[in-house]
Amino acid sequence: MIQGRRQFTDEFKREAVALLASSGRPLTQIAGELGIAPSMLLNRRRRSPGFAARTIGCAWSATF
């Protein structure tokens with residue numbers, strides 16, 4: 001049987017990004033605990049409000 005794409009609420013997405021920001025644990029560990037792909041959590045973090053502001057001044061952000 002073919003399954004469709006899973007849908008996640010905006011609240012779940014916000015809380016996942018907040019957990020990543022506050023826990024200090026690796027992204028892959030949190031993604032595994034939540035049952036989502038690490039790339040999904042990475043993309044959500046990049047799209048979160050304020051992410052660009054947090055990266056300004058980082059050494060790697062100037063190279064991209």
Side-chain angles (χ1 to χ4, degrees):
M1 182 199 292
I2 299 174
Q3 295 180 349
R5 291 178 58 174
R6 293 186 296 172
Q7 298 290 318
F8 297 98
T9 64
D10 289 339
E11 179 183 13
F12 176 86
K13 295 171 187 176
R14 281 191 305 270
E15 289 182 6
V17 171
L19 179 61
L20 177 61
S22 65
S23 71
R25 294 182 292 164
L27 182 140
T28 53
Q29 180 182 2
I30 294 171
E33 292 171 1
L34 295 174
I36 60 175
S39 60
M40 181 191 156
L41 185 52
L42 181 63
N43 289 334
R44 291 305 322 163
R45 182 179 68 178
R46 288 179 180 156
R47 294 180 189 152
S48 67
F51 177 73
R54 290 191 302 265
T55 61
I56 293 174
C58 293
W60 63 267
S61 67
T63 62
F64 292 103

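Computed from a predicted structure; not experimentally measured.
Scanning both residues, Leu20 and Arg25, for their nearest heavy atoms gives CD1-O, 4.1 Å. Between Pro38 and Leu27, the shortest heavy-atom contact is O-CD2, 3.4 Å. The shortest non-hydrogen separation linking Ser23 to Ile30 is OG-CD1, 3.2 Å.
Remark: Glu33 CD to Thr28 OG1 distance equals 9.5 Å, nearest 0.5 Å. To the nearest 0.5 angstrom, Leu19 atom CG is 14.5 Å from Arg14 atom CZ. The structure places NZ of Lys13 at 8.0 Å from CZ of Arg47, a figure rounded to the nearest 0.5 Å.
Two residues are said to be in side-chain contact when any heavy atoms from C-beta on lie closer than 4.5 Å; Met40 and Phe8 meet this criterion.
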